[in-house]
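All remarks here apply to the structure that follows.
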Amino acid sequence: MSWPHVQTDWAEQLSITEQTFCRIILEISPLEPVLLIVPEKNSVARQLADAGVDLQQVRFFELPCNDTWARDFGPLTVLNDQKPLLLDFTFNGWGNKFNAELDNRLTEDLHAAGAFGKTPLKQLDFILEGGSLESDGAGTLLTSKSCLLEKNRNPRLTQPAIE
């Protein structure tokens with residue numbers, strides 16, 4: 001997850017958004033460790049602790065980011081010879097609508113910081129939004145033409161090439 005801050009879309013509703021993120025992390029953290037990108041650890045940790053979150057379940061990474069939609073810019077995990085492989089694609093802020101320079105570097109920065117353990121990372125020359133993909137885990141992958149074939153994403157690739 002990526003914590004909201006004043007440079008994100010949430011600036012005008014930051015207080016309520018932070019409360020919502022605290023609640024989400026409170027619900028997730030007893031079941032799964034939470035990897036959390038934060039602008040500054042101490043203030044976020046205080047808010048989470050005040051909300052009842054067990055901070056032992058949260059791994060903090062102080063890294064700059066543009067936005068909170070980690071599903072769109074975070075790595076994709078696939079199996080390669082039955083072993084996990086992280087795919088790092090280019091995220092361009094929904095077709096260059098928003099600045100995404102910091103978000104686009106996060107997967108590589110998190111990998112370098114050990115966030116994913118020893119799982120290898122492969123760079124892709126492909127513009128994507130991770131949130132545009134749905135998979136059933138059995139080989140079926142769904143996406144939309146409007147995302148991958150949009151002129152500001154992969155203009156040199158045809159639909160058959162993307163498929």
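- In the hydrophobic cluster analysis, where Ile, Leu, Val, Met, Phe, Trp and Tyr join through side-chain heavy atoms closer than 4.5 angstrom, L121 is grouped together with F126.
- With rounding to the nearest 0.5 Å, the separation of CZ in F61 from CE in M1 is 15.0 Å.
- Within the structure, salt bridge (charged side-chain N to carboxylate O under 4.0 Å, His left out) pairs that include any residue of residues 148-160 comprise D125-R156, E129-R153, E150-R153 (at least two apart or interchain).
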Begin from the C-alpha positions of T77 and T119 and carry the test side-chain contact (heavy atoms from CB on, under 4.5 Å) through to its verdict.
-> CA-CA 9 Å; T77 306; T119 306; 5.7 Å; no
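- In this structure, the ring pair (Phe, Tyr, Trp, His ring centres under 6.0 Å) partners of F91, at least two apart in sequence or on a different chain, are W94.
- Interatomic distance, T8 OG1 to F98 CZ, rounded to the nearest 0.5 Å: 11.5 Å.
- The minimum heavy-atom distance between L133 and L128, with the atom names listed, is CD1-CD2, 3.8 Å.
- Judged as a salt bridge (charged side-chain N to carboxylate O under 4.0 Å, His left out), the pairs with a partner in residues 99-114 (not counting sequence neighbours) are, in order, E101-R105.
- Note on ring orientation: taking the six-membered ring where Trp is involved, the planes of F21 and W3 are perpendicular (angle over 60°, cut-offs 30° and 60°).
- Contacts of E32 classified as salt bridge (Lys or Arg N to Asp or Glu O under 4.0 Å), with partners at least two apart in sequence or in another chain: none.
- Closest non-hydrogen pair, H5 versus C65, comes out as NE2-O, 3.1 Å.
- Connection of L124 to L149 is established within a shared hydrophobic cluster, with ILVMFWY side chains joined at heavy-atom distances below 4.5 Å, either directly or through further cluster members.
- Here salt bridge (charged side-chain N to carboxylate O under 4.0 Å, His left out) pairs that include residues 41-64, with residues two or more places apart or in two chains, number zero.
- Smallest separation of non-hydrogen atoms from G52 and L26: O-CD1, 3.4 Å.
- At least one side-chain heavy atom of W10 sits under 4.5 Å from a side-chain heavy atom of T68.
- The NE2 atom of H111 sits 9.5 Å away from atom CD of Q123, with the distance rounded to the nearest 0.5 Å.
- Of the listed residues (T90, N99, I127), just one forms a side-chain contact (heavy atoms from CB on, under 4.5 Å) with N104, and that residue is T90.
- Among all heavy-atom pairs drawn from V6 and A11, the shortest one is O-CB, 3.2 Å.
- With contacts defined as side-chain heavy-atom distances shorter than 4.5 Å, the pair F73/S2 qualifies.
- Atoms CD and NZ, from E163 and K145 in turn, are 8.0 Å apart once rounded to the nearest 0.5 Å.
- In this structure a side-chain-to-backbone donor-acceptor pair under 3.5 Å is present from T143 to S132.
- Cluster annotation: V44 is connected to I24 through the hydrophobic network of ILVMFWY side chains, with a link wherever side-chain heavy atoms come within less than 4.5 Å.
- Connection of V78 to L86 is established within a shared hydrophobic cluster, with ILVMFWY side chains joined at heavy-atom distances below 4.5 Å, either directly or through further cluster members.
- Of the listed residues (N66, D67, T17), just one forms a side-chain contact (heavy atoms from CB on, under 4.5 Å) with D9, and that residue is D67.
- In terms of hydrophobic clustering, with Ile, Leu, Val, Met, Phe, Trp and Tyr side chains grouped at heavy-atom distances under 4.5 Å, L35 and L102 are assigned to different clusters.
- For V53 against S29, the heavy-atom pair with the smallest separation is CG1-OG, 4.0 Å.
- Paired with D88 under the rule side-chain contact (heavy atoms from CB on, under 4.5 Å), one option of T107, L76, L106 passes, and it is T107.
- Annotation: the span from F89 atom CZ to D72 atom CG amounts to 7.5 Å, rounded to 0.5 Å.
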Begin with the C-alpha distance, continue with both residues' side-chain angles, and end with the deciding distance and a verdict on side-chain contact (heavy atoms from CB on, under 4.5 Å) for L36 and L48.
-> CA-CA 11 Å; L36 186 58; L48 292 172; 3.8 Å; yes
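- When the salt bridge (Lys or Arg N to Asp or Glu O under 4.0 Å) test is applied to E12, no partner is found at least two apart in sequence or on another chain.
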side-chain contact (heavy atoms from CB on, under 4.5 Å) between I37 and L110, intermediate numbers included | CA-CA 9 Å; I37 300 160; L110 287 166; 3.9 Å; yes
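- Residue L141 comes nearest to S135 through the heavy atom pair CD1-CB, 4.1 Å, listed as atom of the first residue, atom of the second, then distance.
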